[in-house]
Amino acid sequence: MSQPPVGSVGSSNTKSQVAAHPGISAAIAILIIAAIAGTLVVPIYARTTPKIGDFPFFYFYLLAYMPVVAIALWIVTQLQKRLKPPGGQPVNPGEVAK
């Protein structure tokens with residue numbers, strides 16, 4: 001068995017990045033849940049009226065929803081980049097890269 005490094009026990013740097021940034025983590029979760037819920041809650045868009053031209057609302061909703069989800073997921077990736085420690089260092093000092 002290998003022993004943990006001397007500085008890692010009781011160190012304040014042992015928190016995960018998710019636990020260290022609860023606001024960013026909550027924003028990521030809310031954006032992803034909203035993107036998924038927008039397609040799973042079918043009564044929102046399962047209507048034939050209002051029509052836009054010859055297209056029922058269903059088609060217009062999905063065509064408008066796709067760019068919104070793409071932007072939301074881009075924001076999620078930008079927020080996830082903030083969770084990574086600078087320089088590619090492991091989250092915990094005792095972690096060893098494999």
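As a member of the Ile/Leu/Val/Met/Phe/Trp/Tyr network built from side-chain separations under 4.5 Å, Leu63 groups with Met66. With a 4.5 Å cut-off between side-chain heavy atoms of Ile, Leu, Val, Met, Phe, Trp and Tyr, the cluster of Ile33 takes in none.
One finds the CZ atom of Arg82 at 12.0 Å from the OG1 atom of Thr77 (value rounded to the nearest 0.5 Å). Taking OG1 of Thr39 as the reference point, atom CG of Leu62 lies at 8.5 Å (rounded to 0.5 Å).
Cluster annotation: Ile32 is not connected to Ile30 through the hydrophobic network of ILVMFWY side chains, with a link wherever side-chain heavy atoms come within less than 4.5 Å. At a threshold of 4.5 Å between side-chain heavy atoms, the hydrophobic network of Ile, Leu, Val, Met, Phe, Trp and Tyr places Ile36 and Ile71 in one connected group.
Ala64 and Val68 make their closest contact through O-CG2, 3.4 Å (heavy atoms, listed as atom of the first residue, atom of the second, distance). Looking at every heavy atom in both residues, Leu79 comes nearest to Ile24 through O-CG2, 3.7 Å.
The shortest distance between side-chain heavy atoms of Val69 and Pro67 does not fall below 4.5 Å.
Other residues, nucleotides and ligands place no more than 12 heavy atoms under 6.0 Å from the CZ atom of Phe60.
The aromatic rings of Tyr61 and Tyr65 lie parallel to each other, their planes meeting at an angle below 30°, with 60° marking the opposite boundary.
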